[in-house]
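Structure first, then comments.
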Amino acid sequence: MADNETTKSNFIHNFIDEDLASGRYTEVYTRFPPEPNGYLHIGHAKSICLNFGTAQKYGGRCNLRYDDTNPVKEDTEYVDSIEEDIRWLGFKWDKQLWASGYFDKMYEAAISLIEQGKAFVCDLTADEIREYRGTLTEPGKESPYRNRSVEENLTLFQEMKEGKYKDGEKVLRAKIDMASPNINMRDPVIYRIAHATHHNTGDKWCIYPMYDFAHPIEDAIEGITHSICTLEFEDHRPLYDWVLNELGWWDPQPRQIEFARLNVTDTVMSKRFLKKMVDDGIVDGWDDPRMPTIAGLRRRGYTPESIRDFCERIGVAKANSTVDAALLDYCVREDLKSKVESRNVVFDPIKVVITNYPEDMTEEMEMENNREREDLGSRMVPFSRELLVDGEDFMEVPVKKYFRLFPGNEVRFKGAYFITCNEVIKNEDGSIKELHCTYDPETRSGSGFEGRKVKGTIHWVDAKTAVPVTVRDYKSLMMTDENGESVQRPDSVVTRTAYAEPLVKEAKPGERYQFFRHGYYIADSKLCTEDEKVFNRIVDLKSSFKIK
Ligand code: ATP
Ligand code: MG
């Protein structure tokens with residue numbers, strides 16, 4: 001485990017340290033509570049790293065709990081993807097649970113509040129409730145149904161459960177304080193009627209608990225100690241505590257702690273938005289390599305280590321901010337540079353003919369696989385009279401400080417010989433047909449030649465044996481336009497053909513390489529086959545991004 005993977009301390013851990021020291025809790029138990037209505041995205045990764053990572057740090061446990069208190073159809077595709085993504089990120093849950101498994105207990109809790117005179121059935125419409133709620137500067141007005149007797153409330157709630165009323169006709173509300181400065185405490189709705197089939201409980205229920213009522217109960221039932229959530233819920237914490245205090249069923253009670261949600265530049269992270277991109281066919285599924293979903297990042301080639309490192313580096317804050325997407329690129333580069341093997345791949349090829357090299361000769365040149373990792377060994381790469389070099393490694397009229405190939409210049413062909421460009425042969429239309437060059441046999445790589453130095457080193461592939469590969473370069477799906485609006489980028493994927501050394505024929509889906517001097521690439525998990533090699537660019541080699 002790298003240094004940066006050992007969980008850094010943060011304000012949440014400080015709270016936990018206090019709670020353990022004071023004896024409020026004797027263990028740490030967290031949960032990750034996704035709603036199974038889409039694939040997880042990089043924001044969820046942050047929450048996963050925090051919840052599972054915190055449990056790990058304290059030798060505690062973390063549950064995976066599906067938040068399925070809304071009666072929508074279950075989509076096993078989403079459930080399967082959530083589990084795959086958490087495992088891929090490197091975490092294990094203690095228990096896998098469904099919030100709907102607690103409906104009986106929640107109903108019991110509602111009855112208990114009614115019996116204590118702490119909840120009432122209200123007949124106001126949704127609009128009226130909103131009207132009565134007041135504003136930040138004005139107190140709310142009490143519902144005319146607020147003073148119903150316990151008996152009447154019990155009967156009405158029972159009838160709500162039995163299906164006697166239509167959706168929206170009645171709700172159950174907590175009786176707290178319509179003058180509270182916190183609007184969430186102004187008699188919030190805790191149960192609503194919804195005649196809908198639930199994937200888990202079928203038609204057993206036609207009343208469903210609201211999130212603010214359900215969540216503390218779910219946490220308490222599981223014995224969660226620290227319920228970590230995003231900042232929007234800070235103002236809901238008094239209600240979270242109210243529910244548990246009024247019930248008084250659990251000791252110790254869980255503690256809700258909020259942190260700022262992750263935002264990333266040019267990245268929209270709402271499942272609803274991402275689902276629309278999928279449904280509208282703007283992307284090629286939830287795992288499109290441009291998607292900020294964990295499945296998309298995985299297919300794009302990001303590693304679990306790089307995502308965990310990213311989440312660790314951004315830390316846990318109490319104030320919302322936006323993280324530069326370039327930080328994630330930095331993390332994956334850091335991770336891959338000492339892991340993957342290098343391959344020679346040429347883009348926009350220019351043919352080079354070594355006029356003084358024997359026609360039928362091929363030499364096998366030894367190339368190291370990773371400069372930082374001798375243990376990754378080396379490979380043999382064929383070299384012969386006709387080669388391909390990168391379009392950007394030749395300039396007919398060189399600019400200042402250009403040390404690569406140009407007429408009259410000598411460069412090192414990496415792992416091979418010093419080669420001098422003598423003549424540019426053109427097609428009829430004036431485009432370059434090939435470069436006529438000569439090599440100096442004395443300068444073979446590894447021969448210890450020290451006669452003279454050259455400034456430029458370029459890579460190459462053997463023309464005869466080169467393998468054409470499809471490479472897909474990506475940019476973010478969204479961008480900020482001149483008016484500061486977030487809009488879709490027209491060129492978020494650019495597909496090109498490149499030419500690779502023969503070994504690339506053996507690349508298997510999911511294998512990552514550095515394409516020498518170009519970037520890190522992964523053989524696409526779906527499109528890369530025996531016959532067609534398709535690579536996704538994970539990230540280029542360098543960026544202007546500077547880590548602070
Ligand atoms: P979305 O709006 O993208 O659908 P959500 O919050 O509705 O997100 P849930 O499935 O309810 O998605 O979230 C599961 C957990 O992940 C919650 O605890 C939530 O706070 C957390 N989470 C979601 N998005 C982020 C984010 N951008 N940064 C940090 N945590 C997040
Ligand atoms: Mg949600």
Side-chain angles (χ1 to χ4, degrees), residues 10-12 29-55 62-70 72 74-75 77-83 85-86 89 91 93 96-100 209-212 214-216 218-219 222 224 226-237 240 254-279 286 291-297 307-308 310-325 327-328 477-478 486:
N10 58 50
F11 77 91
I12 293 180
Y29 206 161
T30 57
R31 86 289 172 261
F32 172 65
E35 195 177 337
N37 61 348
Y39 279 58
L40 299 180
H41 51 61
I42 182 82
H44 294 115
K46 169 83 218 178
S47 175
I48 290 169
C49 289
L50 189 54
N51 278 297
F52 285 91
T54 297
C62 180
N63 286 346
L64 166 59
R65 182 204 308 144
Y66 292 107
D67 172 9
D68 64 341
T69 50
N70 281 329
V72 283
E74 178 190 25
D75 205 321
E77 179 192 351
Y78 297 146
V79 171
D80 293 346
S81 76
I82 289 170
E83 294 176 13
D85 291 348
I86 298 173
L89 281 173
F91 297 107
W93 49 89
Q96 190 250 67
L97 302 156
W98 297 84
S100 58
M210 303 302 285
Y211 181 91
D212 282 341
H215 209 84
E218 294 158 21
D219 287 341
E222 291 173 22
I224 299 306
H226 296 89
S227 179
I228 302 171
C229 64
T230 44
L231 220 49
E232 319 84 272
F233 292 100
E234 191 169 27
D235 290 345
H236 299 236
R237 190 183 344 128
Y240 182 99
R255 172 177 185 179
Q256 176 180 304
I257 305 174
E258 312 82 20
F259 73 102
R261 65 194 295 125
L262 169 66
N263 298 301
V264 179
T265 51
D266 292 334
T267 307
V268 180
M269 276 187 282
S270 125
K271 275 180 283 188
R272 204 170 338 129
F273 177 86
L274 297 175
K275 182 167 189 313
K276 190 163 164 25
M277 303 283 264
V278 173
D279 292 344
W286 285 95
M291 289 280 270
T293 52
I294 297 177
L297 294 168
I307 295 175
R308 293 202 303 264
F310 172 73
C311 292
E312 192 61 38
R313 283 173 191 274
I314 55 187
V316 185
K318 195 76 197 179
N320 283 313
S321 65
T322 300
V323 176
D324 195 327
L327 178 61
L328 184 56
L477 212 45
M478 305 303 292
S486 185

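Just follow the structure's listing: the first ligand is 1, and inside any ligand the first atom is 1. Because only heavy atoms are used, hydrogens play no part in the values below, and waters and symmetry mates are left out as well, while side chains stay in.
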Can you list the atoms of ligand 1 that are under 4.0 Å from a heavy atom of [X]?
| X | result |
| --- | --- |
| Met269 | 3 (O) |
| Pro34 | 10 (O), 14 (C) |
| Pro33 | 14 (C), 18 (O) |
| Ser270 | 3 (O) |

As a check for students: among [options], identify the option with a heavy atom nearest to [atom].
| atom | options | value |
| --- | --- | --- |
| atom 9 (P) of ligand 1 | Glu258, Lys271, His215 | Lys271 |
| atom 12 (O) of ligand 1 | Arg31, His41, His44 | His44 |
| atom 15 (C) of ligand 1 | Phe32, Phe273, Tyr78, Phe259 | Phe32 |

key: Set of side chain to side chain donor-acceptor pair (under 3.5 Å) partners for Tyr78, sequence neighbours left out   =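 Expected list: none.
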request  = Taking side chain to side chain contact (heavy atoms under 4.5 Å, CB included) as the test, write out the residues that go with Cys49, two or more places apart.
outcome  = Phe91, Arg308, Cys311
key: Leu262 N/O to ligand 1 N/O under 3.5 Å   =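 Looking only at distances, the answer is yes, because the N/O contact criterion of under 3.5 Å is met.
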message = Are any of the N/O atoms on Glu35, whether in the backbone or the side chain, positioned under 3.5 angstrom from an N/O atom of ligand 1?
response =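 There is such a contact, yes.
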key: Donor-acceptor side-chain pairing of Gln96 and Tyr66 below 3.5 angstrom   =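 Note: Gln96 and Tyr66 side chains miss the donor-acceptor criterion.
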query = Is there side-chain contact between Trp98 and Val79, with at least one heavy-atom pair below 4.5 Å?
reply =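 Side-chain contact under 4.5 Å: yes.
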ask   = Is any side-chain heavy atom of Phe32 closer than 4.5 Å to a side-chain heavy atom of Leu40?
value = yes
inquiry  = In terms of relative ring orientation, are Tyr211 and His215 parallel, tilted or perpendicular, with 30° and 60° separating the classes?
reply    = parallel
ask   = For Lys318, does the NZ atom sit with more than 12 other heavy atoms under 6.0 Å from it, leaving out its own atoms?
value =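 Buried by this count: over 12 neighbours within 6.0 Å.
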key: Cys229 near ligand 1 by a heavy-atom separation under 4.0 Å   =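 Checking ligand 1 against Cys229, which is what was asked, there is no heavy-atom contact under 4.0 Å.
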